[in-house]
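Worksheet: the structure to be examined is printed underneath.
What you see is a predicted model; the values in this text were computed from it and never measured.
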Amino acid sequence: MSIQLPIPIERYVQIANSGTPEAVPECFASDAIVHDEGQTYEGVAAIRKWMAATKKKYGHTVAPLELTEHGGQSVLKARLAGSFPGSPITVNFNFILAGGKIHSLEIRS
């Protein structure tokens, strides 16, 4: 089964899986914010560094399972697999999109 994702979310998954953080501006707004593992990353430069460091640390992949809409958020349920305890796990990626870009992303396990 194939899931139809909004373009910025589809691009985020492609970047996360390919390990090409230099492509972050293609899907994130310049003032975007990411919340992951108790940390907050603000702006494209910080998000690019976070994506590179996370890929290096975990070598993870994101496999979309389901997309729902809740109160202005696009919630992507995905299987996250990599070199971390308990892998693979199911994670919710909570996106707020505007103007064709990701403005906010919160990752919750």
Side-chain angles (χ1 to χ4, degrees):
M1 178 174 88
S2 171
I3 299 171
Q4 189 71 3
L5 299 175
I7 291 171
I9 296 175
E10 181 179 337
R11 190 66 187 121
Y12 167 80
V13 171
Q14 291 168 346
I15 293 166
N17 288 337
S18 66
T20 53
E22 62 276 5
V24 161
E26 294 177 19
C27 61
F28 281 94
S30 61
D31 60 348
I33 296 174
V34 172
H35 301 283
D36 183 37
E37 296 184 308
Q39 301 292 317
T40 300
Y41 306 91
E42 297 184 41
V44 170
I47 293 168
R48 185 183 300 124
K49 287 180 186 176
W50 160 75
M51 286 190 83
T54 303
K55 188 68 170 182
K56 183 177 180 181
K57 182 176 181 181
Y58 299 120
H60 64 284
T61 57
V62 177
L65 300 171
E66 177 182 53
L67 182 71
T68 56
E69 299 289 329
H70 294 291
Q73 288 191 9
S74 300
V75 181
L76 175 65
K77 182 186 286 188
R79 181 174 296 109
L80 190 64
S83 58
F84 53 86
S87 176
I89 60 173
T90 300
V91 175
N92 284 334
F93 293 81
N94 299 303
F95 294 93
I96 295 176
L97 306 177
K101 300 273 186 167
I102 299 165
H103 280 261
S104 174
L105 168 58
E106 184 175 354
I107 301 172
R108 299 183 196 159
S109 55

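The side-chain heavy atoms of M51 and Y12, taken from C-beta on, include a pair separated by under 4.5 Å. Inter-residue side-chain proximity for C27 and E10 is flagged as unmet; no heavy-atom pair is nearer than 4.5 Å. Using a 4.5 Å heavy-atom cutoff, the side chains of F28 and V34 are in contact. At a threshold of 4.5 Å between non-hydrogen side-chain atoms, the residues I102 and I47 do not count as touching. A heavy-atom distance below 4.5 Å is found between the side chains of L67 and P6.
Of the possible polar contacts, one joining the S18 side chain to the Q14 backbone as a donor-acceptor pair under 3.5 Å is found. S83 places a side-chain N or O within 3.5 Å of a backbone atom of Y58 that can act as its donor or acceptor partner. Judged purely by atom type and a 3.5 angstrom limit, K57 has no side-chain atom pairing as donor or acceptor with the backbone of F84. Looking at S74, its side chain never comes within 3.5 Å of a backbone N or O of F95 through a donor-acceptor pair. For the pair K55 (side chain) and A16 (backbone), a donor-acceptor distance under 3.5 Å is present.
A distance of 9.5 Å separates CD1 in I33 from CD1 in I96, rounded to the nearest 0.5 Å. The CD atom of Q4 sits 11.5 Å away from the CD1 atom of I9 when rounded to the nearest 0.5 Å. How far CD of E37 is from CZ of R108: 15.0 Å, rounded to the nearest 0.5 Å. Rounding to the nearest 0.5 Å places NE2 of H60 at 6.0 Å from OG1 of T54. Taken from CG in L105 to CD in Q73, the straight-line distance is 10.0 Å, to the nearest 0.5 Å. The OG1 atom of T20 sits 5.5 Å away from atom CZ of R11, with the distance rounded to the nearest 0.5 Å.
Counting non-hydrogen atoms of other residues, nucleotides and ligands closer than 6.0 Å to CD1 of I7 gives a total of 12 or fewer. Within 6.0 Å of the CD atom in E22, the count of heavy atoms belonging to other residues, nucleotides or ligands exceeds 12.
Checking L65, V62, V91 one by one against R79, the side-chain contact (heavy atoms from CB on, under 4.5 Å) holds for a single residue, L65.
Between I15 and A23, the closest heavy-atom pair is CD1-O, 3.4 Å. Taking both residues in full, the closest heavy atoms of P88 and A81 are given as CB-CB, 3.9 Å, listed atom of the first, atom of the second, then distance. The shortest heavy-atom contact between R48 and P25 is NH2-CG, 3.6 Å.
Looking at residues two or more places apart in sequence or on another chain, you find a side-chain contact (heavy atoms from CB on, under 4.5 Å) between D31 and A29, H103.
Under a hydrophobic-cluster definition in which Ile, Leu, Val, Met, Phe, Trp and Tyr are linked whenever side-chain heavy atoms come within less than 4.5 Å, directly or via other members, L80 and I107 are assigned to the same cluster.
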Margin query: One pair to check against side chain to side chain contact (heavy atoms under 4.5 Å, CB included): V13 and L76. What are the steps and the verdict?
Written below: CA-CA 10 Å; V13 171; L76 175 65; 4.0 Å; yes

